[in-house]
Number of protein chains: 2
Amino acid sequence: MTQPTALDVALAYHRAWTGHDFEAAMQYVADDIVCLAPAGSIEGAEAFRGFMEPFSKILLDSLVVAAYGDESTALLMYETRTVPVADAPAAEMLTVEDGRITQLRIIFDRLPFTEARAANAS
Amino acid sequence: MTQPTALDVALAYHRAWTGHDFEAAMQYVADDIVCLAPAGSIEGAEAFRGFMEPFSKILLDSLVVAAYGDESTALLMYETRTVPVADAPAAEMLTVEDGRITQLRIIFDRLPFTEARAANAS
């Protein structure tokens, strides 16, 4: 069996979580994943799930606008439409070992989410 | 002369602006550039300069962590260290035509910059 490339794994993970199948998404996540997120570092699969699964629940849909990779690394940029924020693009750099994501660095703009929460609370 | 790839142009642009040579950076920018930034769309080279040059002035240094591309498109992720925010990573998708950037989509987290401004004002 051919080993999937880092990009295959990154796109399969993206399809799963944006398709609201977080169980399937977690199959691509290494137990010892390290996620570098805007608010800081998140370590381990359960903590990672606690970060990403709530986001997947407010997601309406997502479109990948660019996706590249090599043997060990993939780089994605995608749009998301979410319940609180209509246009929330993100970029991810994923390191993949043995078919699982061991590091995921995610960049997105937290400001509109913070503003949406503040507007909701007022 | 071989036409530079989109990635060549993207990296040359990145080296120039992060090296505080904004004149050199502007040589890679098309007159009719469209920049999709977190706060909205910026059209034309002068407006683009008004957006990016002030950021280049608060930049201390930058490190490219991933860079890919094909004929027309490049995708970069990089770290920046800036005066107000110590760790401000960004991702850019650049469309290049005839050696110049015609579209630049940039993603970064505005929240720490907003917080730094608020802390400065108080």
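Please read these numbers as outputs of a predicted model, since none were measured by experiment. Here is the naming used below: chain letters follow the sequence lines, and residue numbers restart at 1 for every chain.
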- Query: Quick one: do B/Met52 and B/Val85 end up in the same hydrophobic cluster if we chain Ile, Leu, Val, Met, Phe, Trp and Tyr together by side-chain heavy atoms under 4.5 Å apart?
  - Reply: yes

- Out of curiosity, B/Leu75 CG to A/Met77 CE, how far, rounded to the nearest 0.5 Å? 5.5 Å

Please tabulate the donor-acceptor pairs under 3.5 angstrom that span chain A and chain B, backbone and side chains included.
from	atom 1	to	atom 2	distance (Å)
A/Tyr68	OH	B/Asp70	OD2	2.9
A/Asp70	OD2	B/Tyr68	OH	2.9
A/Glu79	OE2	B/Arg105	NH1	2.9
A/Glu79	OE2	B/Arg105	NH2	3.1
A/Arg105	NH1	B/Glu79	OE2	3.0
A/Arg105	NH2	B/Glu79	OE2	3.1
A/Asp109	OD1	B/Arg110	N	2.9
A/Asp109	OD2	B/Arg110	NE	2.6
A/Asp109	OD2	B/Arg110	NH2	2.8
A/Arg110	N	B/Asp109	OD1	2.9
A/Arg110	NE	B/Asp109	OD2	2.6
A/Arg110	NH2	B/Asp109	OD2	2.8

- Item | Counterpart residues, side chain to side chain contact (heavy atoms under 4.5 Å, CB included), relative to A/Ala16 (two or more places apart) | A/Ala24, A/Ala25

- Task: Look at the side-chain heavy atoms of Ile, Leu, Val, Met, Phe, Trp and Tyr, link any pair under 4.5 Å apart, and say whether B/Val29 and B/Val96 land in one connected group.
- Result: yes

- Query: With the 4.5 Å side-chain cut-off for hydrophobic clustering, are B/Phe113 and B/Phe51 part of the same group?
  - Reply: yes

- Message: Counting only non-hydrogen atoms closer than 4.5 Å, does A/Leu36 touch chain B with its backbone (N, CA, C, O), its side chain (CB onward), both, or neither?
- Response: neither

- Task: Identify whether B/Val65 and A/Ile42 are in the same connected component of the hydrophobic contact network (ILVMFWY, side-chain heavy atoms under 4.5 Å).
- Result: no

- Message: Between B/Ala90 and chain A, with a heavy-atom cut-off of 4.5 Å, which part of the residue counts as in contact: side chain, backbone, both or neither?
- Response: backbone

- Task: Flag yes if B/Ile106 and B/Leu63 sit in one hydrophobic cluster, no otherwise; membership is Ile, Leu, Val, Met, Phe, Trp, Tyr, and two members link when side-chain heavy atoms are under 4.5 Å apart.
- Result: no

